[in-house]
Amino acid sequence: MKNQEIIALCKKGDRTAQRLLFDEYYNYVYTICFRYVQNHHDAEDVVSIIFNRIFKYLDQLQDFADNGIKKWIQTISINESLRFLKSKKPIQLSDDFSQFNLTSNEKEEIDQSEISRIKNAVNELPTGYRTIFLLNVVEGLTHAEIAKYLGISINTSKSQVLKAKKYLQIKLMPYATR
Amino acid sequence: MQQDNMENKIKSVFDSIDDWDSKEAMSRKEAIWNSIAPDESKGKSKPWLLLALLGMSLLGAGWYIGNTNIFKKKSPQIEQNIKSEAANAHLMAIAQLESTLLSKKQQLDSLQKINKNLAFELNVLNSRMTQKEFEQMKSNTVYLKDTLYITEVKVETRIIEKRISDTVLVEVPILAELETISKVVDNENVNKPDLQQEAVKAEEVSKSVQFNFTETEYSNK
């Protein structure tokens with residue numbers, strides 16, 4: 001069945017078609033959501049909201065190609081995840097570089113695998129830096145798009161990403177030569 | 001680590017979730033699907049239920065009014081009042097349910113907040129704890145043992161009667177035998193009596209005193 005047919009049936013409220021779409025994009029949506037909310041309990045709630053919105057606003061979808069659907073679902077997923085984060089605690093953006101823990105304790109991290117080291121370094125970033133960095137590097141959004149999502153200026157987005165990258169470089173540099 | 005290389009690695013790390021998280025995601029899949037499935041039966045049953053309740057309450061009110069002879073005098077104003085009262089009762093019930101739901105949601109929110117904080121603290125601890133420290137922490141764990149008496153121990157003294165033997169045998173020597181033995185002992189040095197004869201004599205001595213009164217003997221006397 002083609003995407004267009006599945007979506008047409010979904011719009012009519014066909015549960016089988018909706019299940020097909022759900023199965024197809026569940027992992028993708030969950031991964032995006034979990035990246036921002038960072039716990040499964042909240043992710044469950046937010047993914048549920050995301051799929052409700054997907055089925056509700058399917059009329060707005062215009063590009064029925066795989067990439068088009070994926071991009072549209074990604075937008076909804078990011079929007080809802082960020083909305084959830086804001087509802088819990090306003091995302092604080094700071095220019096104060098001193099709040100980073102720049103001391104790289106080699107002894108402390110010597111036994112960690114590279115993946116967990118990278119994860120820990122990114123997760124140690126304050127929520128604002130972390131969110132903007134992930135939106136830019138992982139989701140591949142432009143600073144203009146990030147600014148639109150978070151209601152900040154493009155320059156703020158740029159400076160936050162720059163500082164986050166600098167911090168991660170300092171944190172992860174000692175292991176680059178190994 | 002080159003800048004681009006580092007970004008690519010970070011992208012690949014965050015583009016997917018690890019096995020444990022993936023399993024967790026799959027375990028929640030059906031629950032999520034059920035939560036997004038529009039339950040049509042529920043949606044339809046609610047207005048019907050409300051209408052049925054409203055209708056029943058109106059019937060009840062009508063029956064009450066009829067029985068109390070107000071029915072005939074019923075004005076449109078009274079009818080409207082009855083309807084609005086029933087509707088008010090339902091609205092109040094709905095408002096009460098909504099307030100309960102709100103408080104439950106608030107409780108859930110606070111629990112989630114605590115959970116998130118704890119998860120964050122655990123993450124920080126995990127990230128900072130090296131294997132060595134972890135081993136040290138494990139080795140530093142001291143298990144304390146103690147005895148805990150839940151109730152006070154009572155010591156009771158009990159006297160239990162027990163029969164040791166069924167039959168008690170008490171040997172009482174017969175008086176005549178005792179006399180014979182004493183005689184024997186006394187005359188032992190003078191002349192040694194024939195013990196066998198003595199024993200025969202002792203047997204001849206009656207062990208009980210028996211008086212035989214016969215009529216003949218009595219008349220002879």
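So you know, we letter chains A, B, ... as the sequences are listed, proteins then strands, and number each from 1. All of these numbers come straight from a predicted model, not from anything done at the bench.
With a 4.5 angstrom heavy-atom cutoff, B:Leu111 does not touch chain A via any of its atoms. Interface residue A:Leu168: backbone and side-chain heavy atoms are both found under 4.5 Å from chain B. Heavy atoms closer than 4.5 Å to chain B are found in both the backbone and the side chain of A:Asp23. Only the side chain of A:Phe55 comes within contact range of chain B, with at least one heavy atom under 4.5 Å from a heavy atom of that chain.
A heavy-atom distance below 4.5 Å is not found between the side chains of A:Val137 and B:Phe14. Between A:Lys119 and B:Asp18 there is a side-chain heavy-atom pair separated by less than 4.5 Å. Side-chain contact between B:Asn123 and A:Asn123 is absent, with no heavy-atom pair separated by less than 4.5 Å. For the pair A:Asp45/B:Gln112, a side-chain contact is recorded, criterion being any heavy-atom separation below 4.5 Å from C-beta on. Counting heavy atoms from C-beta outward, A:Tyr30 and B:Asp21 have side chains that stay 4.5 Å or more apart.
For CG of B:Asp19, the number of neighbouring non-hydrogen atoms (other residues, nucleotides, ligands) closer than 6.0 Å is 12 at most. Counting heavy atoms of neighbouring residues, nucleotides and ligands inside a 6.0 Å radius, atom NZ of B:Lys113 does not exceed 12 of them. Applying the 6.0 Å contact sphere to CD of B:Gln96 captures no more than 12 heavy atoms from other residues, nucleotides or ligands. No more than 12 heavy-atom neighbours from other residues, nucleotides or ligands sit within 6.0 angstrom of CZ on B:Phe120.
Taken from OG in B:Ser16 to CG in A:Asn27, the straight-line distance is 10.5 Å, to the nearest 0.5 Å. Expressed to the nearest 0.5 Å, how far CD1 of A:Ile32 lies from CD1 of B:Ile17 amounts to 11.5 Å. Residue B:Ile36 holds its CD1 atom at 14.0 Å from CZ of A:Arg53, rounded to the nearest 0.5 Å.
Annotation: residues 33-42 of chain A contacts chain B through A:Phe34, A:Arg35, A:Val37, A:Asn39, A:His40, A:His41, A:Asp42 [non-hydrogen atoms, separation under 4.5 Å].
Between A:Thr31 and B:Asp15 the shortest heavy-atom distance is CG2-O, 3.4 Å. In terms of heavy atoms, A:Val138 sits closest to B:Lys11 at O-NZ, 3.1 Å.
Checked by atom type and distance alone, the side chain of A:Tyr26 pairs as donor or acceptor with a backbone atom of B:Ala25 at under 3.5 Å.
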